[in-house]
Amino acid sequence: MKRFDCMTKLAAMLSDELVILSLGASVDEWYNAAPHMRAASLFQQQLGCVTPQAFGLAAGLPHRRIVSLDTDGGMMFNLGILATLGNEQPKNLFVVVWDNECYQSIGGPPTHTAFGRVDIAAIARGAGVPHAYTARTLEEFEDHCRKGLAAAEPYIVVAKVAGAVQPDIRRKHSDGREDKYIFVRHVEASEGITIMGPSEHN
Amino acid sequence: MQQSAVDAVIRGLKRAGVSIVCYLPDSLFKELYPALDADPDIRTIRVTNEGEGAAICGGVFLSGKRAALVMENSGLRASVEPLARMGLGAGIPVVMLMSYRGDMGENNWWAVPHGVTMEPVLQALRIPYVVEREEARIEQAIVDAYELAYASYYHTAVALSGSIVR
């Protein structure tokens with residue numbers, strides 16, 4: 001199963017959602033798989049921070065569906081967030097974990113999930129998130145996305161994807177700071193709120 | 001903490017517009033945590049480590065709500081990676097309220113590293129901070145920390161010490 005194909009399926013289901021996603025090659029893949037979601041996606045570079053940030057966003061906007069596109073390396077970096085989701089039970093958070101069993105962006109050394117013992121979905125269930133599943137086919141992934149985007153409790157799908165990156169895709173040119181401004185202005189416009197307002201004096 | 005100091009913290013958070021508090025409990029703020037839990041205007045989120053709490057606070061910032069990360073100052077060390085990434089890499093601010101373990105008067109050997117490292121770590125991250133030891137200054141210090149964080153879009157910190165926490 002290719003991550004880019006999964007992204008294309010997920011992107012087709014999204015319109016009003018907000019997305020936080022992880023570092024690495026998945027950034028450029030999402031940028032191309034979901035061009036209509038670029039302003040609604042925060043491209044972050046933080047191992048272990050993606051799902052916690054998405055949960056914070058979900059806590060602040062409980063009426064809005066939030067999607068976390070995390071990774072096996074990112075989730076293993078901070079497993080505690082699964083226990084926090086288990087206790088807090090956000091009704092509006094759908095988490096995808098791209099599990100390619102390697103640290104792809106640095107050339108592919110294995111993560112802990114590469115040896116057939118570590119099961120992130122099982123860890124999530126043990127942490128109090130019963131709707132945590134592993135998808136190995138595109139059909140399974142699409143079905144979990146449909147359910148996860150409609151669920152009224154936290155829903156996690158661990159997508160077992162190949163280590164290959166989609167070739168010949170356009171690179172994103174913006175950095176983390178520009179991405180934040182784009183995302184915040186999108187949230188402001190779509191929610192009718194002010195997050196980064198004017199100074200007292202100009 | 002005296003009840004009056006707990007009340008001052010909560011007044012400051014409310015004046016600053018805070019509606020979500022992430023915390024990992026500690027002994028010096030022992031009385032503060034249940035008071036935050038009981039406050040109808042504040043949602044508390046218990047976290048497994050302070051770095052996770054910092055990241056959740058960053059997400060709350062993106063929603064337009066205001067969050068606080070409340071912890072012992074040892075939690076600052078656990079938060080350095082997400083704070084550096086969010087603050088220096090993206091300009092996503094986190095406001096921290098921490099108890100100052102290891103300050104003058106500390107009588108626990110295990111707390112000494114917290115005092116040795118807190119200010120150098122804050123300075124290494126270029127995080128503006130104040131150390132308050134007088135209850136009368138708590139409320140305004142918290143309000144001021146939010147003013148600066150939302151002008152700079154960078155982290156700020158308030159550490160409470162002295163008679164406030166002993």
Side-chain angles (χ1 to χ4, degrees), chain A residues 18 20 23 42-64 66 68 74 77-88 90 93 127 174-184 186-188 190-201, chain B residues 17-25 37 42-69 71 75 78-95 143-144 146-155:
Chain A
L18 296 170
I20 309 272
L23 79 179
L42 187 65
F43 300 86
Q44 291 289 274
Q45 72 289 67
Q46 301 154 22
L47 220 53
C49 285
V50 172
T51 298
Q53 276 191 359
F55 169 55
L57 188 58
L61 296 173
H63 54 281
R64 194 101 181 246
I66 310 301
S68 172
F77 195 92
N78 175 21
L79 287 170
I81 186 59
L82 294 172
T84 301
L85 296 184
N87 280 340
E88 296 293 330
L93 179 62
S174 51
D175 66 2
R177 206 164 279 268
E178 184 175 352
D179 289 340
K180 187 226 21 192
Y181 280 97
I182 293 168
F183 183 81
V184 164
H186 175 79
V187 176
E188 288 179 328
S190 57
E191 290 289 330
I193 60 173
T194 298
I195 300 172
M196 301 177 73
S199 298
E200 184 185 5
H201 303 291
Chain B
V18 172
S19 60
I20 296 177
V21 170
C22 293
Y23 74 74
L24 197 147
D37 288 334
I42 293 174
R43 174 181 176 180
T44 52
I45 297 173
R46 295 175 177 86
V47 297
T48 63
N49 71 71
E50 296 87 347
E52 177 195 326
I56 294 171
C57 287
V60 173
F61 165 79
L62 297 167
S63 78
K65 301 285 197 314
R66 291 193 175 198
L69 177 59
M71 60 191 181
S79 307
V80 165
E81 169 67 0
L83 288 172
R85 298 262 190 174
M86 287 192 296
L88 297 168
I92 295 173
V94 176
V95 179
V143 171
D144 289 347
Y146 280 86
E147 287 291 333
L148 181 56
Y150 275 76
S152 61
Y153 299 114
Y154 196 61
H155 318 307

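Chain identifiers are assigned alphabetically (A, B, ...) following the order of the sequence lines, protein sequences preceding nucleic acid strands; residue numbering begins at 1 within each chain. Small disclaimer: the values here were computed from a predicted structure and weren't measured.
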Original post:
Do A:R177 side-chain atoms and B:L88 backbone N/O form a donor-acceptor pair below 3.5 Å?
Top reply: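 At least one qualifying donor-acceptor pair exists.
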Original post:
About how many Å separate CD of A:E191 and OG of B:S63, when rounded to the nearest 0.5 Å?
Top reply: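 B:S63 atom OG to A:E191 atom CD measures 8.5 Å (nearest 0.5 Å).
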**OP:** Can you measure from NZ (B:K65) to CD1 (A:I195) and round to the nearest 0.5 angstrom?
**Re:**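 If we round to the nearest 0.5 Å, B:K65:NZ and A:I195:CD1 are 9.5 Å apart.
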Original post:
If you count heavy-atom pairs under 4.5 Å with chain A, which of B:G53, B:A55, B:A84 comes out on top?
Top reply: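 The candidate making the most pairs under 4.5 Å is B:A55.
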Kindly indicate whether the side chain of [X], heavy atoms from C-beta on, has any atom under 4.5 Å from the side chain of [Y].
{"X": "B:I56", "Y": "A:I81", "result": "yes"}
{"X": "A:T84", "Y": "B:E52", "result": "yes"}
{"X": "A:V187", "Y": "B:L62", "result": "no"}

**OP:** In sequence, state the C-alpha distance, the side-chain angles, and the governing distance for B:N49 and A:N78, and then conclude on side chain to side chain contact (heavy atoms under 4.5 Å, CB included).
**Re:** CA-CA 9 Å; B:N49 71 71; A:N78 175 21; 3.7 Å; yes
Checking heavy atoms, do the side chain of [X], its backbone, both or neither come under 4.5 Å from chain B?
{"X": "A:Q44", "result": "side chain"}
{"X": "A:I193", "result": "side chain"}
{"X": "A:I66", "result": "neither"}
{"X": "A:I20", "result": "side chain"}

Subject >> Residue, of A:G176, A:A83, A:A58, that accumulates the most heavy atom pairs under 4.5 Å with chain B >> reply: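 Of A:G176, A:A83, A:A58, A:G176 has the most heavy-atom pairs under 4.5 Å with chain B.
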Heavy-atom distance under 4.5 Å to chain A: side chain of [X], backbone, both or neither?
{"X": "B:F61", "answer": "both"}
{"X": "B:R85", "answer": "both"}
{"X": "B:R43", "answer": "side chain"}

